[in-house]
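Notes follow the structure.
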2 protein chains.
Amino acid sequence: MQQTIQIAVADDHTLFRKGLIRLLESLGSHYKIIIEASDGKDFSEQLLASSVIPDIAILDINMPNKNGFETVQWLNNTYPNVKVLIISMIEREESIVRLLKMGVKGYLSKDVEPEDLEEAINSILHKGFYYTDFITGKLMHNLIYGDTKSEYVLLTEKEIELLQLLSTDLTYKEIAQSLDTTVKTIDYQRDALCKKLNVVSRLGLAIYAIKNNIITL
Amino acid sequence: MQQTIQIAVADDHTLFRKGLIRLLESLGSHYKIIIEASDGKDFSEQLLASSVIPDIAILDINMPNKNGFETVQWLNNTYPNVKVLIISMIEREESIVRLLKMGVKGYLSKDVEPEDLEEAINSILHKGFYYTDFITGKLMHNLIYGDTKSEYVLLTEKEIELLQLLSTDLTYKEIAQSLDTTVKTIDYQRDALCKKLNVVSRLGLAIYAIKNNIITL
DNA sequence: AAAAAAATCAGGGAAATCCCTTAGTGATTG
DNA sequence: CAATCACTAAGGGATTTCCCTGATTTTTTT
C-alpha cells in the first residue's frame with residue numbers, strides 16, 4: 001500500500017473547495033484531506049491547532065483575511081517544510097514570479113484537468129516541484145524582460161486613501177479639499193505614486209487600484 | 001425510484017467544473033450530467049447536437065466565446081424550456097438583476113455549501129425557481145433605487161475597441177493614430193460613450209470596462 | 001549632530017481632457 | 001422628399017493633468 005499523503009486545502013469558494021476535495025479523494029484513498037480552510041487565516045489557525053502537519057498545502061491566491069501571498073510567507077516562517085501548490089485563476093506574470101521567488105513548489109490554473117492536479121501533487125512530493133512549461137516560460141520571460149525594480153510594493157494607509165480618491169472622477173482640487181491639503185501636494189503625491197507603481201497617469205493608477213483590489217467596484 | 005434529472009454544466013474553469021460534477025453525482029444517481037461544456041459556445045454546439053434536452057442548465061457568467069448572458073439569451077430563443085441556474089463569483093447587482101429579468105430560475109454564488117446547490121436544483125425543478133433572500137434583496141433594492149434608464153446597453157464591436165483603448169494610458173492622439181482617425185473624432189466618440197454608459201470621464205469609462213469584463217486585467 | 005532622503009507646497013508651462021458649437025455626410029424614417 | 005438621426009470632423013475655450021524647477025520643512029539614516 002502507498003504511503004498516506006496529508007493534504008491541506010484553503011480556498012474561499014466553498015463549491016470549488018468541496019469539489020476539489022472530492023476530486024482529490026477520488027484519486028485514491030491514500031490522499032487524506034486533513035485541513036479544509038475557507039481562507040488563509042482559518043488555514044493558519046487550523047494548522048496551529050493540528051497535531052498533524054500536512055505534506056502539501058493547496059492554496060488559492062485571492063482569499064479574504066489572509067491571501068495566498070501572506071499565507072505562503074507565514075508558512076515559510078512557521079512550517080517551512082510544508083510544500084505549497086498554488087491553484088489560482090489569475091495568471092499575472094508578476095504574481096506568479098513573486099510566488100515562485102517565495103518558494104512555492106507548483107502553480108496550477110483553475111482550468112487544468114484533474115489529471116494535471118494529480119501529476120502536480122506527485123511531482124511535488126517526489127521531485128520537489130512541479131513547474132509547467134507555462135510557468136517556466138513566465139519565469140524566463142521575467143528573467144529576461146522583467147522589471148527588476150518592480151518588486152512587490154506595499155502601500156501605506158495614506159497612499160491607499162489617496163489611490164482610492166484618485167480612482168474617482170474628483171479633481172485634484174476636490175481631493176485636496178477633502179484631505180485638507182493643496183492641489184500641488186496632491187499633484188506631487190500622484191507623481192510619486194505613479195513612479196512607485198510604475199504607471200504614467202492617473203488612469204494607470206486607477207487600473208492598478210482595481211487590479212489589486214484597492215478599490216471595490 | 002426518483003425520476004432522472006438531466007443536467008448540463010458550462011464553466012470554463014476545468015477544475016471547478018469537474019469538481020462540481022463530482023458533487024452533483026454524489027447527490028444521487030438520478031442526477032445525470034448529459035452535457036459538460038467549457039464555455040457558452042461549446043455548450044450551444046453540444047446541445048444542438050444532443051438528442052436529450054436537459055432539465056436544467058448550470059451556467060457560469062464569465063466564460064470566453066459566449067458568456068453567461070449570451071448563453072441565456074440563446075437558450076431563451078432556442079430551448080425556452082431549459083431552466084437556468086447561474087453559478088458565479090460575481091455578485092454585482094446589475095448583473096444579477098439583468099439575469100433575473102432574462103428569466104433565469106436561480107442564482108448561486110460559488111461560495112455556497114453543496115447542500116444549497118442541491119436545494120437550488122430541487123427548488124427550480126419543483127417550484128420553478130430558487131431565489132435566496134440575498135437575491136430577492138438585490139431585486140427589491142434595484143426596484144426601489146434602481147436606475148431605470150440604465151437598462152443594459154449593448155456595445156458594438158467598434159465601441160468595445162474604443163473602450164479598450166480608452167482604458168489604457170494612451171492619449172487621444174495615439175488612439176486616433178491607431179484607429180486611423182482624428183483626435184476630434186475620438187473626443188466625440190468618448191463623449192458619446194460617456195453619455196451612453198452614464199459616466200462623466202474617461203476614468204469612468206475605464207471603470208465601466210473593468211466592471212463589465214470588457215478589458216481583461 | 002550632520003548629512004541624506006523624503007514630503008510639502010509654489011510657479012509655470014505644455015499637453016491632455018472635457019465640453020460646447022457648427023458643418024457636412026450618409027442612412028433611416030415618417 | 002423632407003426630416004430626423006447617427007457619425008465624422010473641426011474650432012475654440014475652460015479646466016485638468018502632467019511634469020519640471022526650486023524653496024522649505026520634516027523624517028530618516030549615518
Side-chain angles (χ1 to χ4, degrees), chain A residues 147-212 214-217, chain B residues 147-212 214-217:
Chain A
D147 194 334
T148 45
K149 63 170 168 263
S150 88
E151 291 295 298
Y152 182 65
V153 280
L154 255 182
L155 297 179
T156 64
E157 289 288 316
K158 223 174 200 170
E159 286 171 326
I160 286 172
E161 191 183 7
L162 179 70
L163 194 47
Q164 287 169 341
L165 289 168
L166 285 168
S167 304
T168 65
D169 43 34
L170 297 172
T171 65
Y172 290 177
K173 196 192 284 179
E174 293 168 315
I175 294 172
Q177 274 160 12
S178 85
L179 292 183
D180 198 34
T181 179
T182 64
V183 172
K184 284 297 178 179
T185 300
I186 297 299
D187 194 11
Y188 166 81
Q189 289 173 336
R190 190 224 77 240
D191 196 45
L193 213 45
C194 280
K195 277 168 182 146
K196 185 165 182 178
L197 302 180
N198 212 35
V199 300
V200 299
S201 68
R202 184 173 172 177
L203 190 56
L205 288 176
I207 291 171
Y208 178 95
I210 295 170
K211 273 188 185 177
N212 292 275
I214 289 163
I215 60 167
T216 37
L217 298 177
Chain B
D147 198 337
T148 47
K149 63 171 169 264
S150 87
E151 291 294 300
Y152 181 66
V153 279
L154 253 183
L155 298 178
T156 63
E157 289 288 314
K158 226 174 200 170
E159 285 171 326
I160 286 172
E161 191 183 5
L162 178 70
L163 193 47
Q164 287 169 341
L165 289 168
L166 285 169
S167 303
T168 65
D169 43 31
L170 296 172
T171 64
Y172 291 177
K173 196 192 282 180
E174 292 169 315
I175 295 171
Q177 275 161 10
S178 86
L179 292 182
D180 199 35
T181 179
T182 64
V183 172
K184 284 298 179 180
T185 300
I186 298 298
D187 194 12
Y188 168 83
Q189 289 172 338
R190 189 223 79 240
D191 196 45
L193 212 46
C194 281
K195 278 169 182 147
K196 186 166 182 177
L197 302 180
N198 213 35
V199 299
V200 300
S201 68
R202 185 174 170 177
L203 190 57
L205 288 176
I207 291 171
Y208 178 95
I210 292 169
K211 274 187 183 174
N212 292 274
I214 288 162
I215 61 167
T216 37
L217 299 176

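First the proteins, then the strands, lettered A, B, ... as listed; each starts at 1.
Checking C:dT17, D:dT16, D:dT8 against every side-chain atom of B:T171, the shortest atom distance belongs to C:dT17. Set against C:dG11, C:dC18, D:dT8, the side chain of B:Q189 has D:dT8 as its closest nucleotide. Of all nucleotides listed (C:dG11, C:dT8, D:dG12), C:dG11 comes nearest to the side chain of A:K184. Minimum atom distance to the side chain of A:K173 is reached by D:dT16, of the listed D:dC18, D:dT16, D:dT8. Set against C:dT17, D:dA10, C:dA10, the side chain of B:T182 has D:dA10 as its closest nucleotide.
Here the P atom of nucleotide D:dA6 and the NZ atom of B:K196 are 10 Å apart, to the nearest Å. Counting to the nearest Å, the P atom of C:dA15 and the CD1 atom of B:I186 are 20 Å from each other. The separation between B:L197 atom CG and C:dC18 atom P is 14 Å, rounded to whole Å. Spacing between atom CG of A:L193 and atom P of D:dC19 amounts to 13 Å, rounded to whole angstrom units. Rounding to whole angstrom units, CD1 of residue B:I175 and P of C:dC18 are separated by 10 Å. As a whole-Å value, the separation of B:Y188 OH from D:dG11 P is 18 Å. Rounded to an integer number of Å, the gap from B:Y172 OH to D:dC18 C1' is 15 Å. Rounded to whole Å, atom P of C:dC18 lies 14 Å from atom CD of A:E174.
Using a 4.0 Å cut-off, no side-chain N or O of B:R190 falls inside it from OP1 or OP2 of C:dT17. Close to D:dT16, at under 4.0 Å from its OP1 or OP2, lies no side-chain N or O of A:R202.
Residues A:R202 and A:L170 approach most closely at NH2-O, 2.5 Å, considering heavy atoms. For B:L205 against B:S167, the heavy-atom pair with the smallest separation is O-OG, 4.3 Å.
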Criterion side chain to side chain contact (heavy atoms under 4.5 Å, CB included) on B:L193 and B:V199, from CA distance to verdict: CA-CA 8 Å; B:L193 212 46; B:V199 299; over 6 Å; no
Verdict with supporting geometry, A:L162 and A:K158, side chain to side chain contact (heavy atoms under 4.5 Å, CB included): CA-CA 6 Å; A:L162 179 70; A:K158 223 174 200 170; over 6 Å; no
Worked verdict on B:L163 versus B:L197 for side chain to side chain contact (heavy atoms under 4.5 Å, CB included): CA-CA 11 Å; B:L163 193 47; B:L197 302 180; 4.2 Å; yes
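Between B:V183 and A:A192, the residue whose closest nucleotide on DNA chain C is further toward the 5' end is A:A192.
At a threshold of 4.0 angstrom between heavy atoms, the contacts of B:K195 with the nucleic acid are absent.
Evaluation of atom-type donor-acceptor distances gives a pair under 3.5 Å for the side chain of B:D187 against the base of C:dC19.
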